[in-house]
Amino acid sequence: MMDPVSLGAIGAVLGAVGAGMANEAGKWAWESAGGLVRRIAGREVPAPSTPGQLDDVARLVHERVRDDPELARSWALFARDIRFPGASGDLERPCLPTAPRYFTDRESALKLLDKEATRAYGGRPRLALLYGPEGIGTSTLALHWGWRQTARFPDGQLYVDLRGLGPEAALGTLLGRLGLPDEEIPPAARDRADLLRRRTAERRLLLVLDHARSAAQVEPLLTAAPGVFTIVVARQPLVGLGALQIPVGPLARRDAVKMLKSLVGEPAVAAARPTLPAVLDRCAGSPYALRAAAARLTAPLEDAQGSVADPVRAATEDSYRLLAPDAARLYRLTGLRDWPALDAATAARAADIDADEAARILEELADALLIERTDTSAGSSTSPVRYRYRPAVRAHAEHMASTVDRVPACSAAVVRVVGAYRDLAVGAARAALPESWRVPAADSPVTFPDRGTAVAALAAEAPGLVEAVRAVEEFGDADTVVLLCQSLWPLQLKAGRHDILLPALRIGARLADEHAPGTRAAGALHAQLAHTLTELRRWDEAEPEAHAAAHAERAAGHTRGHASAVEFLGLLRLRQWRFDEAYDCFARAGAILDGIGPGDEGAADLPRARALLERHRGRALRGLGRRDEAVRRLDHALRFFRDSGEVYNSARTLTDLAETHLDGGDPEAALPLIDEAITALARENAEYHLAWLRVLRERCVTPQ
C-alpha cells in the first residue's frame with residue numbers, strides 16, 4: 001500500500017478531490033482540503049487549477065508533513081476518507097448500437113482493422129481512422145467489424161456519436177456508458193479524460209468515435225491503454241491524429257448489385273434489369289443511395305440517368321420527389337434546424353399538424369431513409385421515438401424549404417418549435433424551483449406534478465433548449481433568449497449539465513449586454529454563467545462574469561440581485577481556497593441586504609438569504625481555522641433552517657458543523673450532528689451526501 005504522505009499519494013488525493021466536485025460531497029471535500037492545506041502550509045495557498053499547480057501544492061504539503069508527525073497524521077486521516085471518482089461499482093459492459101442488417105464488400109478495410117487490432121502494442125496505442133464521404137458506409141463498417149469482434153473485447157465496446165458534442169460532453173457520455181452515475185462524473189474535461197484513462201487502463205475495450213470533425217475533438221477521448229482499440233470515423237483524413245488511415249470508397253459495381261439483391265431479393269433485381277444500369281450509375285457505389293433506391297428499383301425516376309457527383313444528394317432528391325405533399329412539407333419544415341432529438345411533438349409543431357399524424361409521417365420518412373432513428377429511441381410514453389437528419393439530407397430539406405415554403409413559413413415553423421421549448425422551459429423551471437426569484441415569472445401552459453419530474457424534463461430536453469437559444473439568437477429575439485436561459489437555472493442548480501448548457505448561457509449573457517445593459521436580465525445571465533463556469537472549474541473565466549453580474553444588478557437598482565452576485569463571488573473564492581476574500585464577499589453581501597427595507601422587493605426573502613450567508617461565512621471561517629467563530633455562524637444558520645422546515649439546508653449545515661468539530665478534534669460533538677443529518681436525509685434523494693456523512697461518522701467512532 002502506498003504511503004499516504006508520499007508525494008505521489010498526496011498528488012493523487014488532491015487530484016481525486018478536485019475531480020470529485022460533481023456532487024455536494026465532493027465540494028465539501030474540496031473545501032476541507034483547502035482548509036487543511038492552509039493549516040499545513042501556515043498560510044493561504046490558492047487552489048490548484050492546472051496539473052502544474054496541483055504538483056506544486058502536493059510538493060508543498062509533502063515538504064511540511066514529512067517533518068511534522070502531527071501534520072502527517074492529519075493528512076493521512078483526511079486522505080483515508082477520500083473516494084476516488086469512479087472507484088465504486090463494477091464497470092458496465094457496454095455494447096455498440098445495432099449493426100446494419102445488410103453489408104457487403106469492404107474486405108480490404110476489414111483486414112486492415114484486423115491487423116491494427118492485433119498488432120504488437122509496443123507502447124503505441126492501437127488507433128484506426130475510417131474516412132470517406134457521407135453515405136459511403138464508414139459508420140456501418142465500424143459497427144459491422146465491432147460486432148464480429150465481441151470475443152476480442154470481453155470488457156465491452158464503447159460508442160459515441162460526436163455530432164454536436166464538445167470534448168467535455170463526449171467524455172461525459174463515455175463515462176456514463178461505462179456505468180458511472182452523473183454524480184461521479186467530474187465536471188471539467190481534463191478530469192473526465194483522466195478518469196476515462198484510469199477506468200480503461202487495464203481493460204480490453206473497443207472504442208468507436210463516430211462522426212468526428214477534427215483531431216482536436218478526438219484527442220481528449222483517446223487512451224494509451226494497451227487493451228483498448230479505437231476506431232475513429234470521419235468524412236475526411238484528420239491531420240495529426242497518428243492513426244492508421246483507412247479510406248473507404250464506393251462499392252464496386254458487382255458489390256453494389258450484390259447489396260441490392262440482399263435488400264430486395266434476386267427476382268426484383270432481375271425484373272429491374274432494363275433500368276438497373278442507370279440506377280447503379282446514379283447511386284455511384286454509395287451504400288446509402290443504394291438502400292434508398294432499393295424501394296423504387298423497378299420504377300426509377302425519369303431523370304435518374306447517368307452518373308452524379310453527389311449520390312447522397314441525388315438519392316435524397318429522388319426519395320423526396322416520391323413523398324406525398326403532407327410528408328414533403330413536414331420533411332422540409334422539421335429540417336430547418338438541427339434539432340438534436342426530433343420527436344413527433346416537435347415535428348407536429350414545426351408543420352402545425354396533429355402529433356399522431358406527425359408520428360405517422362416521421363415513420364414514413366424514416367422508411368425512406370430521409371431521417372434516421374437515434375440509438376436512444378425507446379418508444380415508450382416517457383421516452384418517445386426520436387430521429388435525426390443526416391447533415392447532407394438536412395441541407396437538402398433546408399434548401400427545399402427556402403425554395404418552396406419561403407421565408408415567412410419557414411420562420412413561423414421555427415418560431416412554433418421554439419415557442420414549445422419556451423413553454424416547457426418556463427413551466428418546468430417554475431415547478432422545479434417555485435420559491436426562487438431567479439425563475440422567470442412568465443406564464444406557461446405546461447405543468448408538472450412535482451419538482452423531480454420538472455428537473456428531469458429540463459435535463460432530457462437540454463440539447464434541444466440550447467438549439468432553441470441558437471435559433472432565437474439568429475432571429476434577433478433577445479427577450480426570448482433571456483427567458484429561455486433564465487429558465488435553465490433550476491437545471492444548473494439541481495442537475496448540472498453545465499457542459500451542455502454553457503454555449504446557451506454565453507449567448508444569453510452577450511445578448512443581454514447588447515440589448516439590455518445594466519439591467520436585471522443582464523445581471524441574472526452573468527450570474528448563471530458565473531455559476532456554470534465555477535462548476536466547470538474555469539475559475540478565471542467565472543470571476544469577470546460574477547463581477548459583471550454585480551455591476552448590472554447594482555445599476556438596475558436590484559438590491560437582492562446585487563447581494564446574490566457578490567455571494568456568487570464569495571462561493572467562487574471558497575472554491576479557490578481564498579477564504580479571507582470569501583468571508584469578505586459574504587460580509588459585503590450581508591451589508592447590501594441591509595439596504596432592503598420592510599416594504600421593498602425581496603424583503604420577504606431576507607431571513608432565508610441571511611441564513612444562507614451565515615452558513616457561507618461559517619464555511620469560510622472553518623477554512624481559515626477560526627473554528628469557534630465558524631460554529632457560532634453555523635449554529636445561527638441551523639436555527640433558521642430547522643425552524644423553517646428546510647430539511648436539506650438543515651442537513652447541509654449540520655454537516656458543516658460536524659466537520660468543523662472534527663477539525664477541532666471533537667468527535668463527540670460531531671457525532672450527534674451527523675446522526676441528525678442522516679435521519680433528516682432518510683427520505684431525500686441524497687445518496688452522495690449520505691455517503692459522505694457515513695464517512696464522517698466512521699471517523700467519529702473509529703479510534704484514531
Side-chain angles (χ1 to χ4, degrees), residues 1-6 9-41 58 61 64-65 68-85 87-88 183-184 574 577 579 615 618-628 630-631 633-635 638 648 650-682 684 686-704:
M1 180 180 295
M2 183 181 292
D3 181 358
V5 295
S6 68
I10 292 170
V13 167
L14 287 171
V17 176
M21 284 194 287
N23 56 69
E24 191 81 358
K27 297 179 181 69
W28 264 307
W30 182 252
E31 286 184 29
S32 296
L36 181 56
V37 168
R38 181 188 181 99
R39 180 156 67 90
I40 289 171
V61 171
R64 295 299 306 275
V65 300
D68 189 320
E70 184 58 32
L71 292 178
R73 177 176 174 276
S74 296
W75 178 264
L77 288 173
F78 172 75
R80 184 193 66 182
D81 295 334
I82 297 303
R83 293 175 58 191
F84 282 68
S88 61
E183 294 83 355
E184 289 190 27
L574 284 181
W577 299 351
F579 298 108
R615 179 191 169 225
R619 293 160 65 190
L621 289 165
R622 178 188 167 224
L624 291 168
R626 293 158 59 181
R627 285 186 285 274
D628 291 342
V631 167
R633 296 284 185 181
L634 292 169
D635 275 334
L638 180 60
Y648 196 66
S650 293
R652 295 165 86 184
T653 311
L654 286 164
T655 307
D656 293 326
L657 271 168
E659 289 197 84
T660 305
H661 286 303
L662 283 172
D663 287 348
D666 190 357
E668 291 184 2
L671 184 57
L673 300 171
I674 294 169
D675 287 338
E676 182 183 348
I678 290 174
T679 300
L681 292 177
E684 300 284 327
E687 175 187 347
Y688 290 89
H689 190 163
L690 285 167
W692 182 247
L693 286 167
R694 293 185 191 106
V695 167
L696 297 179
R697 194 179 196 286
E698 184 67 19
R699 194 190 302 176
C700 292
V701 300
T702 302
Q704 308 297 336

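Being a predicted model, the structure only gives us computed values, none of them experimental.
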Task: Distance, nearest 0.5 Å, that separates CG of L77 from CG of L662 - done: 10.0 Å
TODO: Rounded to the nearest 0.5 Å, what's the gap from CZ on R64 to CD1 on I10? Could you check?
DONE: 12.0 Å
Open item on the list: Would the distance check show the side chain of W75 and the main-chain N or O of L36 forming a donor-acceptor pair, the cut-off being under 3.5 Å?
Closed with: no
- [ ] Using the six-membered ring wherever Trp is involved, compare the ring planes of H689 and Y648 and label them parallel, tilted or perpendicular (cut-offs 30° and 60°).
- [x] perpendicular
Task: Heavy-atom closest contact (R622 atom, S32 atom, distance) - done: NH2-OG, 2.8 Å
- [ ] Find the distance between OG1 (T660) and CZ (R633) and round it off to the nearest 0.5 Å.
- [x] 13.5 Å
TODO: Answer whether the closest heavy-atom distance between the side chains of W28 and R652 falls below 4.5 Å.
DONE: yes
Task: Validation row: S74, I40 side chains within 4.5 angstrom (heavy atoms) - done: no
- [ ] With C700 as reference, evaluate L671, D666, D675, L673 under the side chain to side chain contact (heavy atoms under 4.5 Å, CB included) test and give the passing residue.
- [x] L671
Task: Electrostatic pair D656:R615 at N-O distance under 4.0 angstrom - done: yes
Open item on the list: If I compare all heavy atoms of A9 with all of P4, which pair ends up nearest, and what's the gap?
Closed with: CB-O, 3.7 Å
Open item on the list: Nearest 0.5 angstrom please: L690 CG to L681 CG, how far?
Closed with: 5.0 Å
TODO: Heavy atoms only: give me the nearest S650-L638 pair and the separation to one decimal.
DONE: O-CD1, 3.7 Å
Task: Shortest non-hydrogen contact from I674 toward L693 - done: CG2-O, 3.5 Å
Task: Contact check, side chains of F78 and V17, non-hydrogen atoms, under 4.5 Å - done: yes
Open item on the list: Nearest 0.5 Å, please: how far is CG in L696 from CD in E698?
Closed with: 11.0 Å
Task: From D635 atom CG to L657 atom CG, the distance as rounded to the nearest 0.5 Å - done: 5.0 Å
Open item on the list: Would you say that W692 contacts E659 through its side chain, given a criterion of any heavy-atom pair below 4.5 Å between the two side chains?
Closed with: yes
